[in-house]
Amino acid sequence: MITKSRKAKGRALQNLVVEKVLSSFPSLEKDDVKGAIMGERGVDIKLSPKAKKVFPFNVECKNQERFKNVYDCFAQADQNGNGEPIVVLKMNRRKPVVVLDCDFFFSLIQEKDTKYG
C-alpha cells in the first residue's frame, strides 16, 4: 500500500515536471500537460497532441529515497508510449535529475554542434 506521503512526493515531482514543460514551451497551455493520477497505468506526464510535437517524451517520475534499479525505471518509461523515454529521479534534499538513453543524449549534442558550430 502506498502511503499518503509517498503519493504526495510523487505528485509533487509530477507537478514540478509539468511546470518545467509548460515554462519551457510558452506555446503550450495548462491543459496540454498534466500529471497522471497516482497509480494510473501509462506515462506519468500526460501530453496533448500539441505538446507531444514539441516535447516528444515518455516521462516516468520517481521520487524515492533509494533507487534499487534505475534500468527498471527506464524500462517502464520505454514501455509507456512511442516517445523517447526519460526518467526524472528525485531524492529527499536533492535536485531532480533526468536519465535518458546515451545515444539519444549524444544525438542532442551533435544537433547542437551542427546548429552552432
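Residues: numbered from 1 along the sequence shown.
The heavy-atom pair separating Asp44 from Cys61 by the smallest distance is OD2-N, 2.7 Å. Contact record, Leu100 with Phe105: CD1-CB, 3.3 Å, taken as the closest heavy-atom pair. Heavy-atom minimum distance, Asp32 versus Lys50: OD2-CD, 3.9 Å. Contact detail for Ala51 and Val33: the closest heavy-atom pair is CB-CG2, 4.1 Å.
With no hydrogens or angles considered, no side-chain donor-acceptor pair links Gln64 and Lys9 at under 3.5 Å.
A side-chain contact (heavy atoms from CB on, under 4.5 Å) with Glu60 is found for one member of Ile45, Val87, Asp78 and no other, namely Val87. Here the rule is side-chain contact (heavy atoms from CB on, under 4.5 Å) with Pro96, and of Val17, Leu16, Leu89 only Leu16 fits it.
Residues Met38 and Gln14 meet the side-chain proximity criterion, which asks for heavy atoms closer than 4.5 Å. Residues Leu28 and Val54 are in side-chain contact: their nearest non-hydrogen atoms beyond the backbone lie under 4.5 Å apart. Residues Phe57 and Pro85 fail the side-chain proximity criterion, which asks for heavy atoms closer than 4.5 Å. Val43 is not listed as a side-chain neighbour of Val59, based on a closest heavy-atom distance of 4.5 Å or more. Contact of the Met91 side chain with the Phe67 side chain is registered, since non-hydrogen atoms from C-beta on lie closer than 4.5 Å. Side-chain contact between Lys95 and Lys90 is absent, with no heavy-atom pair separated by less than 4.5 Å. Using a 4.5 Å cut-off on side-chain heavy atoms (C-beta onward), Phe55 and Ile86 make contact.
Panel note: side chain Gln110, backbone Ser107; no donor-acceptor pair is recorded below 3.5 Å.
The hydrophobic cluster containing Leu22 also contains Val88, counting ILVMFWY residues as joined when their side-chain heavy atoms lie under 4.5 angstrom apart, directly or transitively. Residue Val98 is grouped with residue Leu47 when hydrophobic side chains (ILVMFWY) are merged at heavy-atom distances under 4.5 angstrom, including chains of intermediate members.
Annotation for Asn69: atom CG counts as buried by contact number, over 12 foreign heavy atoms lying within 6.0 Å. Within a 6.0 Å sphere centred on CD of Glu29, other residues, nucleotides and ligands contribute 12 heavy atoms or fewer.
Atom NZ of Lys46 is separated from atom CG of Asp31 by 15.0 Å, given to the nearest 0.5 angstrom.
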